[in-house]
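Letters A, B, ... are given to chains in the order of the sequence lines, protein chains preceding strands, and every chain is numbered from 1.
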There are 2 protein chains.
Amino acid sequence: MSNMTRFTIRPLYLQVRDMLVERITSGQWKPGSGISNEVDLSRELGVSVGTVRKALDVMEQEHLITRRQGRGTFVNDQTSDDLAMRFNRICGSEGNCLSMDILKSEIKAGRATEEEGAKLRLRAGDPVIRVRRVQSAQAKRVLLEQIAMPEARFPGLATKGHVPHRIVALAQQFGILLGGAQERLTVTRATSNVAEALAVETDTPLLELDRIVYSIDGRPVEWRSAMCHLSHGDYYSVDMT
Amino acid sequence: MSNMTRFTIRPLYLQVRDMLVERITSGQWKPGSGISNEVDLSRELGVSVGTVRKALDVMEQEHLITRRQGRGTFVNDQTSDDLAMRFNRICGSEGNCLSMDILKSEIKAGRATEEEGAKLRLRAGDPVIRVRRVQSAQAKRVLLEQIAMPEARFPGLATKGHVPHRIVALAQQFGILLGGAQERLTVTRATSNVAEALAVETDTPLLELDRIVYSIDGRPVEWRSAMCHLSHGDYYSVDMT
DNA sequence: AAGTGGTCTAGACCACGGA
DNA sequence: CCGTGGTCTAGACCACTTA
């Protein structure tokens, strides 16, 4: 019933959503596994089925779960093909997302600059992890990335040799659920450094991508500044609703 | 109740949504005006309040209505500032959408080319309306647009002198509700023609925007190919969820 | 105080998937 | 066949706005 003292303003179905999200982040519910059915959940939590359904509606929109009539409700594997491409809008001429390979990758620990602090909502000097790498598609160099992440969210990452090249996979490893991202696009010309890394002529026009990825609670998780050299036919895709 | 023969598969709340959308497109409910309250609507349509609410939920996500607790539900004016910027992702350095002015504008009637037919789902040779124009922000030329629209959706537009420079305003004039859009971005260099129109040097790097806008029923309404010259600080903004 | 949308409940039936 | 999520109903109370 929960008819008792309601001091909190947050609606019940959002409180339920918070509890269920916690079960995912804590690892109690693992990606790919099914979760209790709606009736059982409602009994367990002491709320009505309608309230549970509304919580699940929210979580479905947040890409956290998938519901299939007749089968059940399942925790999403964020590394699955469709979800992994959520934050990659670079597509090939056939409309398919480009799957890229890592060419070079350096990882370093450091202290946040003023700019990194502003983007990641840290204080300047807070520990960060930086990655610089080149991604290629079909033997062509496409992306030169400079990434900064708060060390606090990825403890021990700097000492690991391997960093997954997709932010969704990295986040899932550290039990972080991603919410959204904002990307800003501009056009620039390749400086000599950039030109060398991407194997293009100096002054080649490039797409500059400045992206901040947020976790589901709205805190910044990654700041990526990338230079992108698009081959003929490739494009950056935006869907508006 | 509607317990009677249910041959249709489309859920009742979506049928209700369709009926309410029709009231907007037909002009029975005008932008800015309030609509009947949920209880009255449910009685009038012979469905439960919950079903009406679910229909309104959908319409709110489609940007068709705004609900305000204690006040009522209102039909959105698509030309209002926030909604008008829905399909314009070009922002200034302060994060605000650039509001632009029309510098030059030509409108012509014509017959669809193969490419226009493919983009607008017409047959080659079907009547189209074409617009070519330049937009500027703060005295700087920013956009060179080439637009094609199906004449059937905008009867008589070619003979009008004035074309609103925002697709949302134009659509509202002709009773079209817009659903979504897809934009494809690439980087190119200004050809001599483009350079002249935008008052830049030949070979200046430009952002090329290829956009198709769809009406709420999923049919193409406008195909725009634009060349964009971004000033320092301006950028194209993408939000991902 | 009256009227609105927002939340929550309890229970019914339907459509789908798998045993 | 059973269990699942999807739809639909009827009614209660809450929170907000306006008069």
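- Separating the CZ atom of B/Arg10 from the C1' atom of C/dC14 is a distance of 18 Å, rounded to the nearest angstrom.
- Contact of the B/Val168 side chain with the B/Leu83 side chain is not registered, since no non-hydrogen atoms from C-beta on lie closer than 4.5 Å.
- For C/dT7, the OP1/OP2 oxygens have no side-chain nitrogen or oxygen of A/Thr51 closer than 4.0 Å.
- Residue A/Asn37 places none of its side-chain N or O atoms closer than 4.0 Å to OP1 or OP2 of D/dG3.
- The side chain of A/Lys54 contributes no N or O atom lying less than 4.0 Å from OP1 or OP2 of C/dC8.
- Put simply, CG on A/Leu56 is 16 Å from C1' on D/dT7, counting in whole angstrom units.
- As judged by a 4.0 angstrom heavy-atom cut-off over every strand, A/Arg68 is placed among residues touching the sugar-phosphate backbone only.
- Using modelled atom types, no side-chain atom of A/Gln78 and backbone atom of A/Ile167 make a donor-acceptor pair closer than 3.5 Å.
- Rounded to an integer number of Å, the gap from A/Ile9 CD1 to C/dT7 P is 13 Å.
- OP1 and OP2 of D/dC16 both lie 4.0 Å or more from every side-chain N or O belonging to B/Arg71.
- Checking A/Pro11 against A/Gly70, the closest nucleotide of DNA chain C that is more toward the 5' end is the one next to A/Pro11.
- Counting heavy atoms from C-beta on, the side chains of B/Leu12 and B/Lys54 never come closer than 4.5 Å.
- In this structure, the CD atom of B/Gln15 is 19 Å from the P atom of D/dG6, given to the nearest Å.
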Note to self: Run A/Ser80 and A/Asp82 through side chain to side chain donor-acceptor pair (under 3.5 Å) and show every step you take.
What the structure shows: CA-CA 6 Å; A/Ser80 69; A/Asp82 51 340; 2.9 Å; yes
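- In this structure, CZ of A/Arg17 is placed 19 Å from C1' of C/dC8, rounded to the nearest angstrom.
- B/Thr73 has a side-chain polar atom (N or O) that falls below the 4.0 Å cut-off from OP1 or OP2 of C/dG5.
- Look at CZ on A/Phe74: it is 13 Å from C1' on C/dC16, rounded to the nearest Å.
- The side chain of A/Glu38 lies closest to D/dG5 when the candidates are D/dT7, D/dG5, C/dA10.
- Within a 6.0 Å radius of CG in A/Asp81, no more than 12 heavy atoms belonging to other residues, nucleotides or ligands are found.
- Remark: B/Arg67 is in phosphate contact with C/dG6, judged by side-chain N or O atoms under 4.0 Å from OP1 or OP2.
- An OP1 or OP2 oxygen of C/dT7 is reached within less than 4.0 angstrom by a side-chain nitrogen or oxygen of A/Tyr13.
- Look at CD on B/Gln69: it is 17 Å from P on C/dG3, rounded to the nearest Å.
- Proximity of B/Arg53 to the phosphate of C/dG6: a side-chain N or O atom is located under 4.0 Å from OP1 or OP2.
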